[in-house]
K.L.:
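This structure is in structure tokens; I'll ask about it shortly.
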Amino acid sequence: HLALSFLEESALHRDIIQQDFLDTYNNLTLKTLMGMEWVSRHCPNASYVMKADSDIFLNVGFLARELLQPQLPPKKDFMTGYIYRNTGPLRSKAYKWYVPREVYPNNTYPPYCGGPGYVLSGDLAKKVYGAAQTLRVINMEDVFMGLCLHKLGVSVTNSPWGLFNIGRLEYEKCQFSQLVLVHHFGPRDLLRVWPDFQGGNKTCPS
Ligand SMILES: *[C@@H]1O[C@H](CO)[C@@H](O)[C@H](O)[C@H]1NC(C)=O
Ligand SMILES: *[C@@H]1O[C@H](CO)[C@@H](O)[C@H](O)[C@H]1NC(C)=O
Ligand SMILES: *[C@@H]1O[C@H](CO)[C@@H](O)[C@H](O)[C@H]1NC(C)=O
Ligand SMILES: *[C@@H]1O[C@H](CO)[C@@H](O)[C@H](O)[C@H]1NC(C)=O
């Protein structure tokens, strides 16, 4: 489990995209928008796109088969994940997610999908990128995506309860085989559960 250096990984897999800004927590919105721009330009026909942090458990098979259902026509103007509703900006400077009134005047945020992982239809990724160009960027990327949706007049879509988990959940193979995402899974946890999700490992009742 040797870690590759940045340049080695780039040379080996050719899967790293870079843009000219500092990769800091408060620039996360720029990083997400970079992804939306990439999708808009290079994957114009993608049915769905997912933004995911690296510290999550993600059950891609279940997401694709059960939630998105590739046998159906691709959904349009679709975004789902763990949905936050009736939240608003924290106005005290003591918070990591402090947002000054000058940056965002309203007291509430539109509904948005939690940052650890959310799914969009390909058409919406492009529209979000376009809407973002007309808005003042704020540092919380997930809230900002919600602001783009609000601007577009698009609503987030609820997923069945329990598929996207923002809190940590103790690993249980058959439970995890029936959900999409669990936050707070580090590299060690992921290596441990990986074999359970390889092709042909059908030991859970479906
Ligand atoms: C974001 O990136 C820009 C460009 O590299 C940099 O000037 C700025 O300090 C960064 N902002 C934060 C909040 O890290
Ligand atoms: C996207 O779909 C259009 C129409 O079907 C096709 O002409 C085009 O080549 C596709 N583009 C890519 C990048 O796959
Ligand atoms: C902010 O408040 C104004 C005035 O009530 C409203 O028109 C606007 O839609 C709100 N914006 C968001 C992002 O909720
Ligand atoms: C299937 O999962 C078990 C543990 O649940 C693991 O020991 C085994 O190696 C996995 N099989 C494959 C083919 O990955």
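Because the structure is a prediction, the values reported are computed rather than measured. Whatever order the structure lists them in is the order used to number ligands and atoms, beginning at 1.
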K.L.:
Considering only the protein, which heavy-atom contact is closest to atom 3 (C) of ligand 2, and what is its distance?
P.N.:
Asn45 ND2, 3.5 Å
K.L.:
Taking distance alone, with N or O pairs closer than 3.5 Å, would you say Leu22 contacts ligand 1?
P.N.:
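Right, the criterion is met.
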K.L.:
Identify the residue among Val182, Asp189, Leu181 that makes a side-chain contact (heavy atoms from CB on, under 4.5 Å) with Ile56.
P.N.:
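The passing option is Leu181.
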K.L.:
Quiz question for you: does at least one protein heavy atom lie closer than 4.0 Å to atom 7 (O) of ligand 2?
P.N.:
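Under the 4.0 Å cut-off, atom 7 (O) of ligand 2 has no protein heavy-atom neighbours at all.
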K.L.:
Which of the atoms in ligand 3, numbered in the order shown and given with their element, are less than 4.0 Å from a heavy-atom of His150?
P.N.:
9 (O), 11 (N), 12 (C), 13 (C), 14 (O)
K.L.:
Looking at side-chain heavy atoms only, is the closest gap between Glu141 and Lys51 below 4.5 Å?
P.N.:
yes
K.L.:
Kindly state whether the ring of Phe176 and the ring of Phe185 have centres lying under 6.0 angstrom apart.
P.N.:
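Yes, close enough.
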K.L.:
Let me see the working for Asp142 and Tyr82 under side-chain hydrogen bond (donor to acceptor under 3.5 Å, both in side chains), right down to the final yes or no.
P.N.:
CA-CA 11 Å; Asp142 48 7; Tyr82 180 91; over 6 Å; no
K.L.:
Flag His42 as yes when one of its N or O atoms lies below 3.5 Å from any N or O atom of ligand 2, and as no otherwise.
P.N.:
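No, no N or O pair falls under 3.5 Å.
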K.L.:
So is Thr24 polar-close to ligand 1, meaning N/O to N/O under 3.5 Å?
P.N.:
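Such a contact does occur with ligand 1.
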K.L.:
Measure from atom 14 (O) of ligand 2 to the protein's non-hydrogen atoms and state whether any distance is below 4.0 Å.
P.N.:
yes
K.L.:
Given the rule in the side-chain hydrogen bond (donor to acceptor under 3.5 Å, both in side chains) test, do His183 and Asp55 qualify, once you have shown the distances and angles that lead to the verdict?
P.N.:
CA-CA 6 Å; His183 193 199; Asp55 62 341; 3.2 Å; yes
K.L.:
So which protein heavy atom does atom 4 (C) of ligand 1 come closest to, and at what separation?
P.N.:
Phe21 CA, 3.5 Å
K.L.:
Quick one: nearest non-hydrogen protein atom to atom 5 (O) of ligand 3, plus distance?
P.N.:
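Here the nearest protein heavy atom works out to Asn106 ND2, 4.9 Å.
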K.L.:
With heavy atoms of Tyr104 as the reference, note each atom of ligand 3 found under 4.0 Å away.
P.N.:
12 (C), 13 (C), 14 (O)
K.L.:
Show which atoms of ligand 1 fall inside a sub-4.0 Å distance from at least one heavy-atom site of Asn26.
P.N.:
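Heavy-atom distances to Asn26 below 4.0 Å select 13 (C).
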K.L.:
Does the ring centre of Phe57 sit less than 6.0 Å away from the ring centre of Phe197?
P.N.:
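They qualify: ring centres under 6.0 Å apart.
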K.L.:
Just verifying a value: how many Å separate Gln178 CD and Glu66 CD, rounded to the nearest 0.5 Å?
P.N.:
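It is 7.0 Å, given to the nearest 0.5 Å.
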K.L.:
May I ask you to check if Arg85 and Tyr109 form a cation-pi contact, with NZ or CZ under 6.0 angstrom from the six-membered ring centre and within 45° of the axis?
P.N.:
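Cation-pi check for Arg85 and Tyr109: fails.
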K.L.:
Relative to Tyr25, does Lys31 satisfy both conditions: NZ or CZ under 6.0 angstrom from the six-membered ring centre, and within 45 degrees of the ring's axis?
P.N.:
no
K.L.:
Return a yes/no value for Asn27: is any of its N or O atoms, backbone included, closer than 3.5 angstrom to an N or O of ligand 1?
P.N.:
yes
K.L.:
Number the atoms of ligand 3 from 1 as they appear, then name those within less than 4.0 Å of a heavy atom of Leu147, with their elements.
P.N.:
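Under 4.0 Å from Leu147, ligand 3 has these atoms: 13 (C).
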